[in-house]
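Just below is one structure, and these are the notes that go with it.
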Amino acid sequence: MEVIISKNNSETIAEFIGRLDTPASPEVAKAVEPLMQDAAGTIILDCTQMSYISSSGLRIFLTLRKASVSNGGRIIIRNISNDIRQVFMMTGFLNLFEIE
Amino acid sequence: MQRYLDPHCEMILEEYRDNLPEIKKKAEEINAKLNSMLKDAGLLVAALEYRVKSEDSLAGKLELKGSKYASLEDITDIIGLRVITFYTDDIAKVSSAIERLFEVDWANSVDKRKAHEIDSFGYLSLHYICYAPGFPYRFEIQLRTVLQHAWANMNHDTGYKSGVEIPKSYLRNLSRLAGILELVDEQFSIIRSELTDYRRRVRALVASGNLSEVPLDGDTYRSFLELEPFDTLNKRIAAVNQAEIHPVSLLPYLQVFKLIGCKTLGDLEKVIRDYSDAAYQIASYQIGLTDLDILASSIGPQNLCVAFILKSGGGRAGIRMMFDLLNGESSNNDTMAEILVEQANSLPFMNNK
């Protein structure tokens, strides 16, 4: 899995490409660490090219959300596929995140 | 501004300049002590503010009535603090704490609330003059509510410092406003007191199990959640994959429970009792074939609502309405509703098994 982080005006964008599964999670967790510095602002998690998310991936998203909430920031998940949306729904996390 | 001070007043001003660093330090200390006391007592106030009298303000005071003061020690508001409370009741609590915290100069403290005749309305505030140990100057603490503070600020323009003659009609309007605000302050306190009483009664009803007598609203729902009513169902679902339950707020589900017709906590308890098996069937069908081992604590309430809606014939439109309430309106909610309906149609609870 590849994570590309970029900035667009006041937003920080993290683009996830590939499968966010258990083997990929440690590397992804490390790759998104810089986002914590922008936790007070708006962070976009762009999932347009994400094909799968596991529990480990959900935990990474939850960690980012926690940092964002405690810093008064905002996390937006963008362009998830129906399969991934279903994972959020059946784990009960669908209404926890702002999903566009 | 150019001030014309006699040598005696100049001497007092000199004393002020010499001691200003110590006065500023003491002001900070007193403010910190007061702030800490309010926190310890659990008293939520609208504001706590302090100031050290400026040289210009002191010079103005001395120019007006300097002969009244033998030295700087005679000026009681070199340091001024103000506690602004939300409720009138809180003034009594804060004042009792101040009396325990500082030595009060009762001869110079004023309760303006008692100063009014029965037919007059105006400035209502409690002014304490206090001593700080080892500090030669007294300080003032003013206590007032937010509304009294607003009125006092409005009135300030017309007060003794303006030096402008104010039309009587304007003063009369201000006085009428003071009367209204006094009534509003009193009503706020009554409402708070009634609300506290209502919450106490609801907690007692919830604790005694008389849930059918308790209307479902934000307060009662919060009290109900303290009993962890979805815990059993959540643990049962989590056991399917030995999943961790991640705590999330269940408050958004209040509107969904209302949507499905729950009017009392008894109705909600009945939904939990009657639909837990169906909710479990939906959840275990969805996660049973996955390795998902983290679930939100809303998993139980979510599937209870889905089960109720589908069993009651609400169908896809009903599920979509639920997701619209929880997630905001979106066509994606319809897609999720469609998937859920399809999944549920093959489950025993939808086929009366």
Side-chain angles (χ1 to χ4, degrees), chain A residues 1 16 19-26 28-29 32 42 44-48 50-100, chain B residues 230 233-234 237-238 240-253 255-256 279 282-306 319-320 322-328 330-340 342-344:
Chain A
M1 151 138 275
F16 297 86
R19 288 171 61 85
L20 180 44
D21 53 18
T22 306
S25 289
V28 172
V32 298
T42 301
I44 310 281
L45 305 177
D46 187 339
C47 301
T48 311
M50 182 194 281
S51 54
Y52 173 83
I53 189 165
S54 68
S55 296
S56 315
L58 287 175
R59 285 189 175 90
I60 291 171
F61 279 23
L62 287 168
T63 305
L64 287 171
R65 181 185 175 275
K66 193 177 171 186
S68 170
V69 168
S70 58
N71 285 286
R74 190 177 172 205
I75 291 262
I76 299 169
I77 299 178
R78 186 169 284 168
N79 291 334
I80 48 172
S81 66
N82 274 342
D83 283 348
I84 292 176
R85 189 182 297 275
Q86 217 179 316
V87 170
F88 277 89
M89 186 258 287
M90 61 197 194
T91 50
F93 289 116
L94 193 59
N95 73 308
L96 192 64
F97 289 95
E98 192 176 335
I99 301 177
E100 285 183 347
Chain B
F230 306 108
L233 175 60
N234 280 341
I237 295 170
V240 175
N241 281 4
Q242 286 81 49
E244 162 199 352
I245 298 173
H246 183 88
V248 298
S249 170
L250 301 181
L251 294 179
Y253 279 87
Q255 50 187 343
V256 184
I282 299 166
S284 58
Y285 176 86
Q286 289 176 336
I287 63 168
L289 292 177
T290 73
D291 58 359
L292 290 165
D293 62 1
I294 183 165
L295 300 171
S297 59
S298 58
I299 194 71
Q302 175 180 296
N303 286 306
L304 276 172
C305 294
V306 169
I319 303 292
R320 172 171 181 163
M322 176 186 100
F323 282 134
D324 280 347
L325 269 180
L326 291 169
N327 312 329
S330 159
S331 59
N332 292 315
N333 293 332
D334 194 48
T335 313
M336 289 300 106
E338 187 184 5
I339 292 167
L340 266 167
E342 199 182 312
Q343 290 173 345

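This structure is a prediction, so every number in the text was calculated from the model and none was measured. Here is the naming used below: chain letters follow the sequence lines, and residue numbers restart at 1 for every chain.
- The choice from Leu58(A), Leu62(A), Val87(A) that makes the most heavy-atom pairs within less than 4.5 Å of chain B is Leu62(A).
- In this structure, the portion of Thr290(B) lying under 4.5 Å from any heavy atom of chain A is its side chain and not its backbone.
- In this structure, no portion of Ile99(A) lies under 4.5 Å from any heavy atom of chain B.
- Residue with the most contacts toward chain A among Asn332(B), Asp291(B), Thr335(B): Asn332(B) (heavy-atom pairs, distance under 4.5 Å).
- Listed here is the closest heavy atom pair of Met336(B) and Leu94(A): CG-CD2, 4.3 Å.
- With a threshold of 4.5 angstrom between heavy atoms, Asn303(B) does not approach chain A through any atom at all.
- Aromatic ring centres of Tyr253(B) and Phe230(B): separated by at least 6.0 Å.
- Using a 3.5 Å distance cut-off with no hydrogens or angles, the side chains of Thr48(A) and Asp46(A) do pair a donor with an acceptor.
- Interface residue Leu96(A): only side-chain heavy atoms are found under 4.5 Å from chain B.
- Listed here is the closest heavy atom pair of Leu295(B) and Phe93(A): C-CZ, 3.7 Å.
- With a 4.5 Å cut-off on non-hydrogen atoms, Ile339(B) touches chain A through its side chain but not through its backbone.
- Looking at Gln302(B), only its side chain comes within 4.5 Å of chain A, counting heavy atoms on both sides.
- Contact annotation for Ile282(B): neither backbone nor side-chain heavy atoms come within less than 4.5 Å of a heavy atom of chain A.
- Judged purely by atom type and a 3.5 angstrom limit, Ser68(A) has no side-chain atom pairing as donor or acceptor with the backbone of Leu64(A).
- Under the 3.5 Å distance criterion, with hydrogens and angles disregarded, a donor-acceptor pair is assigned to the side chains of Ser55(A) and Asp293(B).
- Residues Ile294(B) and Ala243(B) come closest through the heavy atom pair N-CB, 3.9 Å.
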